[in-house]
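This report refers to the structure that appears directly beneath it.
All values below were derived from every heavy atom in this structure, side-chain atoms included, with hydrogens, water molecules and symmetry-related copies excluded. Every value quoted in this text rests on a predicted model; they were computed, and no experiment measured them.
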Amino acid sequence: MASASSTFKFLSLLAALCAVAEMAISGDPDILSDFVAPLNLTTVDGAFFTFTGMRALVGAPPASAFKVSKASAAEFPALIGQSVSYAVLQFPAGTTNPPHTHPRSAELLFLVDGSLQVGFVDTANKLFTQTLQSGDMFIFPKGLVHFQYNADSQNSALAISAFGSASAGTSSVAGEMFIEPAWK
């Protein structure tokens, strides 16, 4: 009969192996072809590689609340296997993109217009912050909690974020902290 100590060691090893396996598959898979087309697509042409979802932003009035417009694998299937996606972030005066993480990618934010206060917390619990001006870029490392805040009470801000994954994922810190666990 196994002792409690050996059972604990086995379960600890099993948990560690599962964690390593999860880290190994937490990015985009490498593909063995130039691109991945959906099986139900009969013809692949230039339209397949064109995303028109951001056209609605051109010439549109400023957003009245914080808004994210995404071009990820869910919205733009041509990105599957390409390890890239984008998001346009619109910050009306005084708005926040609350603390969140992207488990499968770093985020490279380019501030097109306005100013933003940004920051992230590393695994040693150290806070890194910066005030960005138009034309600045800031990197949020993969999986770390981060935020953006437009502290300007008069002017909006516009940013574009690039991700090294077609499906970077977003996990809201508030959502994760205040949802009742399924195991309870």
His100/His146 under side chain to side chain contact (heavy atoms under 4.5 Å, CB included): CA gap, chis, key distance, verdict: CA-CA 6 Å; His100 61 281; His146 61 278; 3.0 Å; yes
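- Of all non-hydrogen atoms in Ser85 and Ser165, the two that sit nearest each other are OG-O, 2.7 Å.
- Taking each heavy atom of Ser115 and Ala157 in turn, the nearest pair found is O-CB, 3.8 Å.
- Within the 3.5 Å criterion, the main-chain N or O of Gly169 finds no donor-acceptor partner in the side chain of Ser167.
- Criterion: ILVMFWY side-chain heavy atoms under 4.5 Å apart, direct or through other members. Under it, Phe147 and Leu132 are not part of a common hydrophobic cluster.
- Atom CG of Asp30 has 12 or fewer heavy atoms from other residues, nucleotides or ligands within 6.0 Å.
- Using a 4.5 Å cut-off between side-chain heavy atoms of Ile, Leu, Val, Met, Phe, Trp and Tyr, with links allowed through other members, Phe120 and Leu111 fall into the same hydrophobic cluster.
- Taking OG from Ser69 and CD from Glu75, the interatomic distance works out to 9.5 Å, rounded to the nearest 0.5 Å.
- The side-chain contact (heavy atoms from CB on, under 4.5 Å) test with Val145 is passed by exactly one of Asp122, Val173, Leu127: Val173.
- Other cluster members for Val36: Ile31, Ile80, joined by side-chain heavy-atom distances under 4.5 Å among Ile, Leu, Val, Met, Phe, Trp and Tyr.
- Contact between Ser72 and Ala166 at its shortest, heavy atoms only, is CB-O, 3.3 Å.
- Ring pair Phe140/His102: centre-to-centre distance not below 6.0 Å.
- Residue Ile160 belongs to a hydrophobic cluster whose other members are Phe51, Met54, Leu57, Phe76, Leu79, Val84, Tyr86, Val88, Leu108, Phe110, Val112, Met137, Ile139, Leu158, with links defined by side-chain heavy atoms closer than 4.5 Å.
- The distance from the CG atom of Leu89 to the OG1 atom of Thr95 is 10.0 Å, given to the nearest 0.5 Å.
- Looking only at side-chain heavy atoms (C-beta outward), Phe48 and Thr43 stay at 4.5 Å or farther from each other.
- For Gln82 (side chain) and Asp34 (main-chain N/O), a donor-acceptor pair under 3.5 Å exists by modelled atom type.
- Here the CD-CG distance, from Gln133 to Leu116, works out to 9.0 Å after rounding to the nearest 0.5 Å.
- Summarising the geometry, atom CD belonging to Gln130 is positioned 10.0 Å from atom CD belonging to Gln117; distances are rounded to the nearest 0.5 Å.
- The nearest pair of heavy atoms linking Pro77 to Pro38 is CB-CG, 4.4 Å.
- Scanning for ring-ring contact (aromatic ring centres under 6.0 Å, His included) contacts around Phe66 gives Phe91, with sequence neighbours left out.
- Here CG of Asp136 is found 10.0 Å from OG1 of Thr131. Values are rounded to the nearest 0.5 Å.
- In terms of hydrophobic clustering, with Ile, Leu, Val, Met, Phe, Trp and Tyr side chains grouped at heavy-atom distances under 4.5 Å, Leu109 and Val121 are assigned to different clusters.
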